[in-house]
A.B. asks: 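One structure is given below, represented as C-alpha cells, and several questions about it will come after.
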Amino acid sequence: MSENTIRVRYAPSPTGYQHIGGVRTALFNYLFARATGGKFILRIEDTDQERFTKDALEDIYTTFSWLGMDWDEGPDKEGPFAPYFQSQRTELYKKHIMDLVDRGEAYYCYCSSERLEAMREEQQKTKKGSGYDRRCRELSGVELEKAKAENPNPVVRLKIPLNGETSFDDILLGSVKRKNTDINPDPVILKSDGFPTYHLANVVDDHTMEITHILRAQEWVPSVPIHVILYKAFGWEPPKFCHLPMVMGKDGQKLSKRHGSTSLRDFKTEGYLKEAILNYIALLGWSFDDTREFFTLAELEKLFTIDKLNKSASTFDYKKLEWFNGQYIRQKSKDEVKNLILPYLKEDEKVAAVIDSDKGGEILDGVISLVHERLKLLKDVLPLTRFLFVDEVDFETEELIPKKMDALAAIKICEKIKELFGRFSDSDEENEAFFRAAADELGVKLGDLLQPLRVAITGSKVSPPLFESLGLLGMEKCIKRLNKAIDQLKA
RNA sequence: GUCUCCUUCGUCUAGUGGUUAGGACACCGGGUUUUCAUCCCGGCAGCAGGGGUUCGACUCCCCUAGGAGAUGCCA
C-alpha cells in the first residue's frame, strides 16, 4: 500500500434496512475510491446492542451485492485491519479509553440516568443551559468514593476544553469553527454496557484503519469538533473531512419513511432497476457537466470527482427516478425484460398457473412487446396484462359506450365486431385495415369502434395495443367477453 | 432557545466578473398513434431580499430573511 493511497469507508449501523440516503453516501465513497485507485472499506458499526438486528446486517450485504458495489476490505473479506465489526473491537476501544482517562483527557461519570433526565427537564423548563453539567469532571476524595458506591457501572466522558475554539477544514464546506463552550459538554465515549459510543469508535477505527477521507452526510457536521478534540487527545492526525449534502423529502425535511419508499429493498420490490437507482442517486448532489445525465456504474467509477460535488441539500424526486427507470427498462433486451417481469407476474396465482402451462411461454413472449414501452415500474406489469391470463374480466357498462353515443350504438358496434372476428388474422396490418373499413361504414372513428371492444377484452379503457392482445387471448375468449359486453349493454 | 451549515426555474442541476442564465424531470400545448405509453416538436418557469466592492455582478464581501441539521449511555 503506497503512502498516499486513498482509503474511504462506509460505516452503516445495522439497525434498519439500507436507506437511500445511506446508499448514496456509500456510492460516493465507493466511486471516490474507484476513481482514484483507492480502497473502499465496509465497517459495521454495531455498537448499539439495543437496536441491532440480524435482518439489518443481512440487508447490508444483499443491498450492495444487488447494486454491484463491492468492498475491498470488510466483513467476509480478509483485510489487514480486521475485524470490521465494531462489536469485535471492544478491547481496542477500552485500551484507548483507559489511556485517555489515565492522561486526564477523559473521566468516569457516575451520574444516574434519572439524574440526567431530571437535569434535562429542568433545563428545558428554565430554558437555561443545555447538556451535562460536568458534575463528575473534578470529583475527588469522599465525593468520588460516594459516587463510586452509588453507581458500579460508570460511563466515561471526554473532557471538552472549557475555553478556546475548535475548527476543521472540510473539502466542501471550507473552514468550520466552533467555540468549545458551544460543544456538547463532555460527551459519553464509553457506555455503561462496555460499548463505546459512535464518537469514540469512529475515531479509533478511522485512525487504526488508516482512513484518509471521511465522506458522510452533513448531519454529522455538528459532531466533528468532538472528533477533532478526540484526535488531538490521542495525538493523531485527523483524516480529511468531506460532508455530503443531505437528501430531503418533498416537504424539505430529512427523507424518511413517510415520504414513501426509502429502503433499497422497497425500491427493489416495487420494480426499480438498480441501473436507474444508481444513476439517479449519483446525480443527487453530484453532476458531471451541464448536459450529460446517463451513467453506468462502470462509467461513474471513472468519471467521479469530488470537486463536482454540490453542497446544498437535494430533495428526492420519485418522478425523475421513475423516468430513469422507464428509460433503463427500454434499453433492456426482450430476454432481459422477460426475466425482470416474470417474478411480478407470478405474484398472482392464476397468472402463474397460466405461465407454467403449455401456452405460457407464447403468451409471456407476447406480453413483453406489449409492455416494453409502457412500464415505468416492473410491478406495473401485472395490472397491465392480467386480463391476458385470467378467464374473465369485469367492466362497467358505462365504459363500454364511446363518448357521445348510447348503449344502442355500442351494441351495434359490438355486433359488427363479432362479424369482423370471423376474418381475424395474424397480421395486425390486415386486421387494422378491415376494422378501419368497418368504422367508416358505421360512420365512427376507429378509436370509438375499438372502445367497447377494448373494455370488454381488457376491462379498461386503457390497455396495451388491442389487436396483439386479441391474438394472444384467442378468439374463443374474445367472443365470450364480447358477448358479456352485449349482455350488459342490453340489460 | 443555542450552535453549525445551506440558498440558480416546482424538482435535480450547469454556471466560478461581461451568457438572450444552459440542460433534464415535472407541467402545459402540438405532432405521430386503435386507448395508454413510447417517440418528436414547442412552451411556461429561476439567480431569496437589501446593502456594498467594481466600468460591470448569479458569480466577491456584509446584513436580513427563509430552510435544514445538531443539541442522547442512536448512529
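Just so it is clear: chains get the letters A, B, ... in the order the sequence lines come, proteins before strands, and each one is counted from 1.
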A.B. asks: If you check the E373(A) side chain, which of rA68(B), rU34(B), rA37(B) turns out closest?
C.D. replies: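 Side chain of E373(A) sits closest to rA37(B).
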A.B. asks: If you only use heavy atoms from C-beta on, which nucleotide in rA26(B), rG15(B), rC73(B) is closest to the side chain of K308(A)?
C.D. replies: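 Nearest listed nucleotide: rG15(B).
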A.B. asks: Return the 5'-most residue of the pair S192(A), R292(A) with respect to RNA chain B, ranking by each residue's nearest nucleotide.
C.D. replies: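 Final value for this comparison: R292(A).
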A.B. asks: Which of these nucleotides, rA68(B), rU4(B), rC39(B), is closest to any side-chain atom of Q327(A)?
C.D. replies: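 Selected nucleotide: rC39(B).
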A.B. asks: May I ask you to verify whether the side chain of K320(A) and the base of rA24(B) hold a donor-acceptor pair under 3.5 Å?
C.D. replies: yes
A.B. asks: Return the nucleotide paired to rA48(B): Watson-Crick means purine N1 to pyrimidine N3 with N6-O4 or O6-N4, wobble means G-U with N1-O2 and O6-N3, both under 3.5 Å.
C.D. replies: rU64(B)
A.B. asks: Below the 4.0 Å mark, does rC36(B) have OP1 or OP2 next to a side-chain nitrogen or oxygen of S463(A)?
C.D. replies: no
A.B. asks: List the residues meeting side chain to side chain donor-acceptor pair (under 3.5 Å) with E50(A), not counting sequence neighbours, and say none if there are none.
C.D. replies: none
A.B. asks: Is D289(A) salt-bridged to K308(A), going by a charged N under 4.0 Å from an acidic O?
C.D. replies: no
A.B. asks: What nucleotide, of rC73(B), rA75(B), rU2(B), holds the atom closest to the side chain of L116(A)?
C.D. replies: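 The closest nucleotide is rC73(B).
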A.B. asks: Could you please name the option among rC36(B), rC25(B), rC12(B) that lies closest to any side-chain atom of R374(A)?
C.D. replies: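 For R374(A), the side-chain atoms sit closest to rC36(B).
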A.B. asks: For the side chain of V462(A), counting heavy atoms from C-beta on, which of rU35(B), rA68(B), rU4(B) is nearest?
C.D. replies: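 Between rU35(B), rA68(B), rU4(B), the one nearest the side chain of V462(A) would be rU35(B).
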A.B. asks: Of the listed nucleotides (rU2(B), rU13(B), rA26(B)), which one gets closest to any side-chain atom of S287(A)?
C.D. replies: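 The listed nucleotide nearest to S287(A)'s side chain is rU13(B).
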A.B. asks: Let's test your reading of the model: under 3.5 Å, does the base of rC74(B) pair with the side chain of R51(A) as donor and acceptor?
C.D. replies: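 Yes, the side chain and the base share a sub-3.5 Å donor-acceptor pair.
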A.B. asks: Quick one: are the ring centres of F28(A) and F304(A) less than 6.0 Å apart?
C.D. replies: yes
A.B. asks: Counting any heavy atom closer than 4.0 Å, what does L466(A) reach on the DNA or RNA strands: base, sugar-phosphate only, or nothing?
C.D. replies: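 It contacts base atoms.
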A.B. asks: Any strand is fair game: report the nucleotide pairing with rA21(B) by Watson-Crick or G-U wobble, both distances under 3.5 Å, or none.
C.D. replies: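 In the structure as shown, rA21(B) has no Watson-Crick or wobble partner.
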A.B. asks: rU34(B) base to R436(A) side chain: any donor-acceptor pair below 3.5 Å?
C.D. replies: no
A.B. asks: Which listed nucleotide (rG10(B), rU34(B), rC6(B)) is nearest to the side chain of D317(A)?
C.D. replies: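 Within the option list, the nearest is rG10(B).
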A.B. asks: If the condition is side chain to side chain donor-acceptor pair (under 3.5 Å), which residues does D426(A) pass it with, not counting sequence neighbours?
C.D. replies: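 Side chain to side chain donor-acceptor pair (under 3.5 Å) check on D426(A) returns nothing, list empty.
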A.B. asks: Give a yes or no on whether a salt bridge exists between E117(A) and R120(A), defined as a side-chain N under 4.0 angstrom from a carboxylate O.
C.D. replies: no
A.B. asks: Quick one: look up who rU59(B) pairs with, Watson-Crick or G-U, both distances under 3.5 Å, and put none if it's unpaired.
C.D. replies: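 Here rU59(B) is not engaged in any pair, so there is no nucleotide opposite it.
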A.B. asks: Using a cut-off of 4.0 Å on non-hydrogen atoms, how would the nucleic acid contact of K179(A) be classed: base, sugar-phosphate, or nothing?
C.D. replies: nothing
A.B. asks: When the nearest nucleotide of RNA chain B is assigned to E293(A) and to R120(A) on a heavy-atom basis, which residue is associated with the more 5' position?
C.D. replies: E293(A)
